[in-house]
Amino acid sequence: MKKTVLTVLAIATMISVVAGCKKKSAQDNSLNDLLARGEFVLGLDDSFPPLGFRDDNNEIVGYDIDLATEVAKRLGVNFRAQPISWDAKEQELATGNIDCIWNGLTITPERLEALSFTKPYLDNEQAVVVTQASGYTTLADLSGKTIGLQAGSSAADAVEAAPEFKASLNSITEFKDNVTALNDLEIGGVDGVVMDSVVANYVIKTTGKPFTIIHEALASEQYGVAFRKGDVKLAEKVQAVLEEMEADGTVAELSRKWFGANISVIGK
């Protein structure tokens, strides 16, 4: 009898310990850990204007950079922009090399399953950029042609999600970034580049290169800031600070600086 009681007590104690360990391991210290470390590290593709790119002085600048710098300031920590391979962005986040992916990252159902996101902060479309001389005005005009896109990007996802368009193409060429893809378009290496309309419009406006956008988007999407799946408190804090910045006019000011108008969807 005593032995049975002791055995039951022992099992109950083990269950309690295991439950306590699970509860402890599931605890979210993401915000406190970052504040204690005193640095907010943002992972980005540093050739993605106007969200994050290198200027003439080789400094990383952009709309997302300005937003994140202000967020870090309001959190009371230092800010660091860390260039990464966009094709390996999730691995960089998982290994702890960066605290977030913040550089025109599209929110998708698959990413929502694997990562913790803020709410959307910008709307975007996946569009096709062509040369003005090509005369292409519709997606159908690209039948039998070659398009370029950035490896591991939402452009690749958009093409996969449009099977008829993909099947109509002659081939698809992947590039490390949009800038390289557009350079290839300019010299005739590809016939079009699938990319974010936010970036395409900025490049066309600031460079004066003879490009135009086919106004028949492949997909509509929204950008968000991504964190590790368990880092909910950090994601929620960043969202709260962004909403504070929207309310006091900071976001509108930065949006007009980079886009010429307030196109933010924070808090909307």
Side-chain angles (χ1 to χ4, degrees), residues 40-83 86 99-107 117-129 150 153-155 177-179 182 193 195-215 217 219-226 235-268:
F40 184 38
V41 184
L42 176 153
L44 79 156
D45 163 15
D46 60 356
S47 58
F48 199 71
L51 304 180
F53 64 105
R54 293 187 181 273
D55 64 11
D56 293 339
N57 297 317
N58 205 36
E59 297 291 328
I60 298 177
V61 299
Y63 178 65
D64 285 356
I65 301 303
D66 283 354
L67 286 179
T69 299
E70 182 63 22
V71 167
K73 179 181 177 182
R74 297 189 186 202
L75 289 176
V77 297
N78 295 322
F79 170 74
R80 175 160 61 92
Q82 177 62 55
W86 197 246
D99 296 309
C100 69
I101 305 168
W102 191 342
N103 190 215
L105 181 67
T106 301
I107 301 172
F117 268 91
T118 62
K119 295 176 183 178
Y121 68 95
L122 273 184
D123 288 335
N124 181 57
E125 292 181 332
Q126 288 300 325
V128 184
V129 179
Q150 182 181 25
S153 68
S154 295
D177 54 52
N178 289 312
V179 172
L182 289 174
V193 174
M195 60 186 294
D196 300 62
S197 62
V198 167
V199 180
N201 282 314
Y202 181 83
V203 170
I204 292 171
K205 178 181 178 180
T206 58
T207 67
K209 290 188 175 183
F211 298 143
T212 187
I213 298 174
I214 291 179
H215 294 291
S220 297
E221 57 191 29
Q222 292 183 309
Y223 293 152
V225 185
E236 290 178 344
K237 182 61 176 178
V238 169
Q239 176 65 37
V241 175
L242 285 173
E243 291 179 9
E244 175 187 293
M245 290 165 56
E246 174 71 29
D248 67 22
T250 302
V251 171
E253 179 182 347
L254 294 176
S255 184
R256 284 192 289 268
K257 170 185 173 182
W258 291 104
F259 304 110
N262 183 12
I263 64 172
S264 166
V265 297
I266 296 172
K268 299 180 175 62

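When reading the values below, keep in mind they use all heavy atoms of this one structure, side chains included, and skip hydrogens, waters and symmetry mates. Just so you know, these numbers come straight off a predicted model, no measurement behind them.
- Scanning all heavy atoms of the two residues, the minimum distance from I107 to P120 falls at CD1-CG, 3.9 Å.
- Contact detail for G52 and L44: the closest heavy-atom pair is CA-CD1, 3.9 Å.
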>> What verdict does the side chain to side chain donor-acceptor pair (under 3.5 Å) test give for Y223 and D196, after you've listed the backbone C-alpha separation in whole Å, the side-chain angles of each residue and the deciding distance to 0.1 Å?
In response: CA-CA 11 Å; Y223 293 152; D196 300 62; 2.4 Å; yes
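- D123 has no carboxylate O lying under 4.0 Å from a charged side-chain N of K268, or vice versa, which leaves the two without a salt bridge.
- Ring-plane geometry between W102 and Y121 is classed as perpendicular, the angle between the planes exceeding 60 degrees on a 0 to 90 degree scale with a lower cut at 30.
- To the nearest 0.5 angstrom, D55 atom CG is 11.5 Å from D46 atom CG.
- The side-chain contact (heavy atoms from CB on, under 4.5 Å) with Y63 is formed by just one residue from the set N103, V251, I263; it is V251.
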>> With side chain to side chain contact (heavy atoms under 4.5 Å, CB included) as the criterion, how do F79 and V71 come out once you've worked through the C-alpha distance, each side chain's angles and the decisive distance to 0.1 Å?
In response: CA-CA 9 Å; F79 170 74; V71 167; over 6 Å; no
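- Side-chain atoms of E70 and T250 include no donor-acceptor pair closer than 3.5 Å.
- Between the side chain of N57 and the main chain of E59, no donor-acceptor pair closer than 3.5 Å is present.
- Across every non-hydrogen atom of T106 and F117, the tightest pair is O-CZ, 4.2 Å.
- Here the options are L42, I60, D45, the test is side-chain contact (heavy atoms from CB on, under 4.5 Å), and the partner is P83; only I60 passes.
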>> I266 vs K119, test: side chain to side chain contact (heavy atoms under 4.5 Å, CB included). Steps then yes/no.
In response: CA-CA 7 Å; I266 296 172; K119 295 176 183 178; over 6 Å; no
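- The number of heavy atoms from other shown groups lying within 6.0 Å of NZ (K73) does not exceed 12.
- Using a 4.0 Å cut-off between charged nitrogen and carboxylate oxygen, E253 and K257 do not count as a salt-bridge pair.
- When side chains are defined from C-beta on, V198 does not count as touching F48, because their heavy atoms never get closer than 4.5 Å.
- In terms of heavy atoms, Q126 sits closest to S154 at NE2-CB, 3.6 Å.
- Of the inter-residue distances, the one linking L254 atom CG with S264 atom OG reads 10.0 Å to the nearest 0.5 angstrom.
- Here the OG1-NZ distance, from T118 to K237, works out to 15.0 Å after rounding to the nearest 0.5 Å.
- A distance of 9.5 Å separates CG of L242 from CZ of R74, quoted to the nearest 0.5 Å.
- Of the inter-residue distances, the one linking N201 atom CG with E125 atom CD reads 9.5 Å to the nearest 0.5 angstrom.
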> Hey, mind stepping through N124 and S197 against side chain to side chain donor-acceptor pair (under 3.5 Å) and telling me if it holds?
Replying inline: CA-CA 6 Å; N124 181 57; S197 62; 3.2 Å; yes
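- Between W258 and F53, the two ring planes are perpendicular [angle over 60°; tilted spans 30° to 60°].
- At least one side-chain heavy atom of L122 sits under 4.5 Å from a side-chain heavy atom of L51.
- Between A200 and M195, the closest heavy-atom pair is N-CE, 3.9 Å.
- When all heavy atoms of D64 and G104 are compared, the pair lying nearest together is OD2-N, 3.2 Å.
- In this structure, CD on Q239 lies 12.0 Å from CD on E244, to the nearest 0.5 angstrom.
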